[in-house]
Amino acid sequence: MAKKQVYDHRKIEKKWQKKWETSKIYKTDDKTLKLGQKKFFVLDMFPYPSGEGLHVGHPKGYIATDVVSRMKRMSGFKVLHPMGWDAFGLPAEQFAIKNKTNPMIGVKKTVARFKKQVSIIGLDYDWDREINTTDPKYYKWTQWTFLKMLEAGLAYESHEPINWCPSCKTGLANEDVEDGKCERCGTPVEKKPLRQWVIKITKYADRLLNDLEALEWPEPIKDAQRNWIGRSEGAEVTFKTNAGVDVSVFTTRVDTLFGVTYVVVAPESKLIAEFGNSIKNQKEVAEFIKNTSKISDIERTAVDKPKNGLKLEGVIAINPSNNEEVPVFIADYVLANYGTGAVMAVPAHDTRDYAFAKKYDLPIREVIRPEVEIAGAELFVDDGVLINSSKFSGLTSSEARGKITKTYGKLVTKYKLRDWVFSRQRYWGEPIPVIHCTECGVVPVPYKDLPVVLPKVKSYEPTGTGESPLANISSWVNVKCPKCKGPGKRETNTMPQWAGSSWYYLRYMDPKNDKALVDPKKEAFWSPVDFYVGGAEHAARHLIYARFWHKFLQDIGVVKYGEPFKKLQNVGLIMGEDGRKMSKRYGNVVNPDTIVETYGADTLRLYEMFMGPFDQEITWKTDNIIGVRRFLERVWRMHERVVDDKKSKAKKGVATKDTVGLDNPTEILFNQTIKKVTDDIGTLGFNTAISQMMILVNQLEKVEIIPKSVYLTLIKLLAPFAPHATEELWMLLGQKGSVHTSGWPEYDSDKLVLNTITVMVQVNGRVRDQFNAEIGISKEDMEKLALDSKYIQDNFAGKTPTRVIVVPNKIVNLVY
RNA sequence: GCCGGAGUGGUGGAAUGGUAGACACGCACGACUCAAAAUCGUGUCUCGCAAGGGGUGAGGGUUCAAGUCCCUCCUCCGGCACCA
């Protein structure tokens, strides 16, 4: 019997964290990688190491991957569970501006702080593989990939107006704009024409969409991506005009073609210039365009905003279906950068066209009849049956779409996804590795000269001019053109923060490689990421960019698989006790350090996993922590009652042979627990896994003798959740080595169900009585025993039920 | 508006169509204690003394049997949104 010992989490946790660090038991050895070997790559979305430090919500995902990682390691998998830092971006830059020091200094501080906070939780990261996106050795390969994209024609310069945040003084990608506001600072975004680098992510739209099917991702996330990519199939129809210029329109409702009463062109459309002198009211048109451009995107895209437009006097378009002449408008409700930037307006069957037609008193022509007549309705937007559509009248909408497209247009697919605006006019990002030469134009920096290291500057302030602060360092900017050796200037735009995070998982496989982005053998072994955990807010940003980046790397032969993350799970947020997001602003932040100090890391871990379903948002309650702490203490005290069973040394996996001394119900419960904990970790049902262990422990409290093998198995099951306490107990019981490399328990599948079962007797579906029986009892015997039960005898004696349903080993339902 | 997800005790939450409320917090009572804390035990959906009845956001339906499946709603949360 083991010696009496109190559970002192402070001592134990510190001790083991130190030992694990020196013994490197969590180091992922990649000297020998054999394809086909059991491997498991489990990944957290790497954090931005913010100066504010962690609150208890942050580590929830890390704890979950840690549990999975530990369980997989115990099960004999070669596990890769790394951590790193996504450290480019605004917070470090703001730190730099405030302190007039290089952002690297701020990053170093926050990384150190972050790492310390993470490490006291006892996570099993292999810190030898730590990466940092701001390390030139790392971003060399971010730049390298950009050059490859440039070579492939995927990266291009554009002067189109883009989203501009006047507060951050930088251009933004579509993905960085939320509700017309800058995702970072909340300032309304403006449109600004600016030279910028753009990446043709739209070329991958189809693959990004189609490959979603095979991914084991939460359906809502897949949906969010489908939504974002926004594929729609429709028809492109060309309207000839009297100005000698054709107007192509995109529509998903070509079945309404005969109902067109006017055409609308976006104010930003090039068509307006092309119409030239055909437009008779040039002055008003110019005025209108100017006014529209002043309005911010939020105002302009507000759904219930009245639609403003202006007729282009003198311009007439011809409807190809009936050769009818219709007027052409410009209006702010038509977007230049979707479809063709022009629409055919069918006010009778489109909400927006209807509103516009009403406002400007334009004709409304009905060409679709609902299958069931709706009295008095002037607007009908659903599919129906065509009328007033020459030979197509009488067809249903869907039939007509095919036929009309064939006759008057062509089938096209459009996406809502826009190309990725890749330039930022800020300092703290990867320099875009190109040189502008007056003779040769854009010249890529030769691969051998990578990385283009971010130089030190005096001022980190964004200039607001459309150039980054880098533009002021003439010694850095002015270089020889690599091609003609003439004078050249470096690109001063930097990359968005999303760049470095688009491929970081690959670097973990081979973090120190200076010759390649990743060694192909290592990539082949570890890819894909088996399990990826992070916040749902990345659905349409990081997770799209990373998938795109990965597919590009696949195309150029760097990686073999088409998708980076096989299985994805979202962490549910932890809210403050007041139900609001944890934030300094609300004063509801709970710090993990204090919880670890008071209750221990193991308790914190158990609590976060026990709180509720992993992917669900949940409110933090410090009061409730005591429950899991009590559980841990019960497990701890139990070690004093452990009795050596003779065979325990011999057997590793199968526990049942050693469980002599347990009565049948306890032995069954024991095996059920092994099964449930194993299954539940696999499906991320951490809360139910823990509750099952609690049930077992509650039962073992009532048992006199606890066989050592049973106890050791319990310790193993608990080890992924509470690594420190279990490691200490493992040692106290005289076991060699670490519990974390001791093998995962197996259950005896013959001992999962009790010999005796309780059968419920239902009458008309309501439980009225019950009886005990041996497992495997025949249906006939069950029915007989049910009819013999007291309730039936008392209430239905002598009556024959009209129907009897027998569910083997469970229920007899008698219908009277 | 469109697309998702969710509504179960005082609380967090369990429940392959088959005993609703596991497990935990809290609360009440009891044991231990001079006492308290800790620990252990018992109870704890609701109406009812009981027998019994009712009960998973509302209302319908399918079924021998519905928290679970179907329909119509309501509420909350998330994503997208003048995307033609």
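This is a predicted model, so every value here is computed, not measured. Here is how names work: the chains are called A, B, and so on, in the same order as the sequence lines, proteins then strands, and each is numbered from 1. Hydrogens, waters and symmetry mates are skipped; everything else that's a heavy atom, side chains included, is used.
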- Message: Applying a 4.0 Å non-hydrogen cut-off, can you work out what A:P218 is touching in the nucleic acid: base, sugar-phosphate, or nothing?
- Response: nothing
- If you look at every strand shown and take non-hydrogen atoms under 4.0 Å, does A:T802 touch a base, only sugar-phosphate, or nothing? nothing
- When you check the phosphate oxygens OP1 and OP2 of B:rA14, does a side-chain N or O of A:N687 lie under 4.0 Å from one of them? yes
- Message: Working to the nearest 0.5 angstrom, can you tell me the gap between A:T598 OG1 and A:R629 CZ?
- Response: 10.0 Å
- Message: Tell me whether the NZ or CZ atom of A:K60 lies within the 45° cone about the ring axis of A:F614 and under 6.0 Å from its centre.
- Response: yes
Which donor-acceptor pairs under 3.5 Å do side chains of residues 616-623 of chain A form with protein atoms, sequence neighbours excluded?
{"from": "A:W620", "atom 1": "NE1", "to": "A:T622", "atom 2": "OG1", "distance (Å)": "2.8"}
{"from": "A:T622", "atom 1": "OG1", "to": "A:E577", "atom 2": "OE2", "distance (Å)": "3.2"}

- Given atom CG of A:N809 and atom C1' of B:rU16, what is their separation to the nearest angstrom? 15 Å
Can you check nucleotides 70-72 of chain B for protein contacts, nitrogen or oxygen pairs under 3.5 Å, and list what you find?
none

- Message: Using a 4.0 Å heavy-atom cut-off, does A:V815 contact any base of the nucleic acid, only the sugar-phosphate backbone, or nothing at all?
- Response: sugar-phosphate
- Message: Taking any heavy-atom pair under 4.0 Å as a contact, classify A:I695: base, sugar-phosphate, or nothing.
- Response: sugar-phosphate
Show me the protein contacts with nucleotides 46-54 of chain B, counting only N or O atoms at under 3.5 Å.
{"from": "B:rG53", "atom 1": "OP1", "to": "A:R768", "atom 2": "NH1", "distance (Å)": "3.3"}
{"from": "B:rG53", "atom 1": "OP2", "to": "A:R768", "atom 2": "NH1", "distance (Å)": "2.9"}

- Query: Are A:D383 and A:R401 ion-paired here, with the side-chain N under 4.0 Å from a carboxylate O?
  - Reply: yes
Considering only nitrogen or oxygen atoms on both sides, find all protein atoms under 3.5 Å from nucleotides 6-12 of chain B and state each distance.
{"from": "B:rU11", "atom 1": "O2'", "to": "A:K621", "atom 2": "NZ", "distance (Å)": "3.3"}
{"from": "B:rG12", "atom 1": "O2'", "to": "A:M611", "atom 2": "O", "distance (Å)": "2.7"}

- Specify the separation, in whole Å, of atom CG of A:D223 and atom P of B:rA81. 15 Å
- Message: Any strand counts, and the cut-off is 3.5 Å on both contacts for Watson-Crick or G-U wobble. Which nucleotide pairs with B:rU39?
- Response: B:rA31
- Does A:D350 use its side chain to pair, donor to acceptor, with the backbone of A:V381 at less than 3.5 Å? no
- Message: Counting only Watson-Crick pairs (N1-N3 plus N6-O4 or O6-N4) and G-U wobbles (N1-O2, O6-N3), all under 3.5 Å, who is the partner of B:rA24?
- Response: B:rU11
- Query: Does B:rG4 have a Watson-Crick or wobble partner in any strand here, with both distances under 3.5 angstrom, and which is it?
  - Reply: B:rC77
- Query: Quick one: side chain to side chain donor-acceptor pair (under 3.5 Å) pairs with a partner in residues 687-700 of chain A, sequence neighbours left out?
  - Reply: A:R634-A:N698, A:T666-A:Q699, A:T673-A:Q692, A:D680-A:T688
- Task: Taking atom P in both B:rC69 and B:rA15, compute the distance separating them and give it to the nearest angstrom.
- Result: 14 Å
Protein-nucleotides 38-41 of chain B N/O pairs under 3.5 Å:
{"from": "B:rU39", "atom 1": "OP1", "to": "A:R630", "atom 2": "NE", "distance (Å)": "3.4"}

- Query: Across all strands shown, which nucleotide pairs with B:rG54 by Watson-Crick or G-U wobble geometry, both distances under 3.5 Å?
  - Reply: B:rC45
